[in-house]
**Student:** 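Before we start, here is the structure in question, set down as structure tokens.
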Amino acid sequence: MTPSFDDFVAEQVTPLLRYATVLTCDPHLAQDVVQEVLLRAQQKWDRIGSVDLPHAYVKRMVTNEYLSWRRRRAAKDVALCMTTLESVTPPVGDTTHHFDEREAMLQRIAKLPRKQRAAIVLRYYENYEDSEIAQMLGCAEGTVRSHISRALATLRLDHTPEPAGVGLRLGEGLS
Amino acid sequence: MNDTEQLIKEALGKVAERTPHPGPTLNALRRKRKRHHRNVFLIATAGMAAVAVLIFAGVIASDKYTPPRGNDAAAVLMSGNGQNVALKYVPHWLPDGFVETFRAADNDGTTRVWMLSDATANPLSGDGPRVQLSSGTNHADGPDGWQDATVRGLKARVKEFAGQAVVEWKAQVTLVVRVSGLDGLRETALRVADSVRADSNAVYQAPFKVKDKHANAFHGTSPDDWTAQLSPAPVDVTVFSRAPDLSGKQTAPVTVRGKQGVLLEGREVLVQEGGLWIAAMSTEQGKTVDDLVATVNDVEIAPDLDTGWIRKK
């Protein structure tokens, strides 16, 4: 039975926002992307609601919207700023000594080319296989492996771990 | 997985913790949809006018105009401030004679309870046969005693202990069905779980609020006999419809909400407001009678109380 659009939104808006937040590293942009996608999905719900996995379809719409959105915003794009995140939701307490390393890694991920970042998110956050990532990004599996390989090379190159407890404080060093 | 990959996973997990609340997105969606509908209406109106002119001019005649289809989706796009909370799920099968008696909602999730239609027990007491459905929170129990199960093709786990059976599974959110006081607990719990579907209609509507905090539990034995509670320590606030029995209890007059109320046993302030009663009781030491009076003064009863769901299936 085709789920209603209302049921779909009620169930999926939070998972979609979470995915979009990880994808964009920007809660504001995530809200805009999800909102745009849901508006479009609502207009085509007769068709989208009848596919086997509507949430997967809409998730792909979010991915595509993010990629196109980024293209439109490219001229005024700025690097990830932690204050952007904190203005939407307060930072969660973290007592591990990896805290600063993770923040630094996050900043590096945010600077990756958009398709590389999407591939990294789908691989390491969504735990997708290459074939699933290829389907999501609309490219060949070899291209996916290339995106991930290049992204990892960049992230490894930049990865210079801080000694425990000596790293940057929250917000410092982030543009 | 090497250190870099592990760090990537942790970094992405950290971003996920910053996921914004869905409320603003849902509200923006609702506004845009209304605007879209308005635009569609304007376009349709303009189109109709144009068609009428053309018909009048004898150039074209058309009777094929179809008005824009209505859409009721906005009904579920509610704010998540605790005043109206979508309950989202409902079992489509319950043992015979069970009706809904309890609803609760807070930041962690929602709970609904069904009991026998003639039950006199307070659903909060845990007495008597009952079926409970919770969403958004895991069953608070250790890892022991669980057995694997399946709910509508999804991996689940089931546990039977102390006169109750619990089924927990992950759909879009974690769902927990708990059944007690019945024969065939495990089978009943699994059957209820299998029948759980999305429910876009049921809404927890808080009957009152204290400042910006809304009542988080609501139960009753009939639409005219109900109790709602707000339990953020250090003061519990209760609004209820049945007149309290104060016989044999120590009472003293107290002014509250501009009228005379009662100080009960030196630790609870009680006052009648219209056909309802408002009570505030301190749950920790150090709260004065003035604190309780101030809390009761801050109680705002919702203008449109919805008690029609009580004792309905």
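Chain letters run A, B, ... following the sequence lines, proteins first and then strands; every chain starts at 1. Since the model is a prediction, treat every value here as computed from it, not as a measurement. Heavy-atom basis, side chains included; hydrogens, waters and symmetry copies ignored.
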**Student:** State whether A:D26 and B:R18 are salt-bridged, where the test is any N-O pair (Lys NZ or Arg NE/NH1/NH2 against Asp/Glu carboxylate O) under 4.0 Å.
**Tutor:**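 Salt bridge between A:D26 and B:R18, a charged N being under 4.0 Å from a carboxylate O: no.
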**Student:** Under the rule for salt bridge (charged side-chain N to carboxylate O under 4.0 Å, His left out), what residues qualify as partners of B:K155, not counting sequence neighbours?
**Tutor:**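 Not a single residue meets the salt bridge (charged side-chain N to carboxylate O under 4.0 Å, His left out) criterion with B:K155.
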**Student:** Which answer fits A:I120, side chain, backbone, both or neither, if we ask what part of it has an atom under 4.5 Å from a heavy atom of chain B?
**Tutor:**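 The answer is both parts of A:I120.
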**Student:** Can any side-chain N or O of A:T21 pair as donor or acceptor with the backbone N or O of A:L17 at less than 3.5 Å?
**Tutor:**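 Indeed, once roles are kept as given, a pair shorter than 3.5 Å links the two residues.
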**Student:** Start with the C-alpha distance between A:L137 and A:T63, add both sets of side-chain angles, then the distance that settles side chain to side chain contact (heavy atoms under 4.5 Å, CB included), and finish with yes or no.
**Tutor:** CA-CA 7 Å; A:L137 296 182; A:T63 307; 3.7 Å; yes
**Student:** At a heavy-atom separation under 4.5 Å, does A:I109 approach chain B through its side chain, its backbone, both, or neither?
**Tutor:**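 For A:I109, the side chain is the part near chain B, not the backbone.
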**Student:** When heavy-atom pairs shorter than 4.5 Å are enumerated against chain B, which of A:E11, A:Q12, A:H55 gives the highest number?
**Tutor:**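 Top count of heavy-atom pairs under 4.5 Å with chain B: A:E11.
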**Student:** Looking at B:V173, B:I8, B:D199, which one has more heavy-atom pairs under 4.5 Å with chain A than the rest?
**Tutor:**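 So the answer, after comparing B:V173, B:I8, B:D199, is B:I8.
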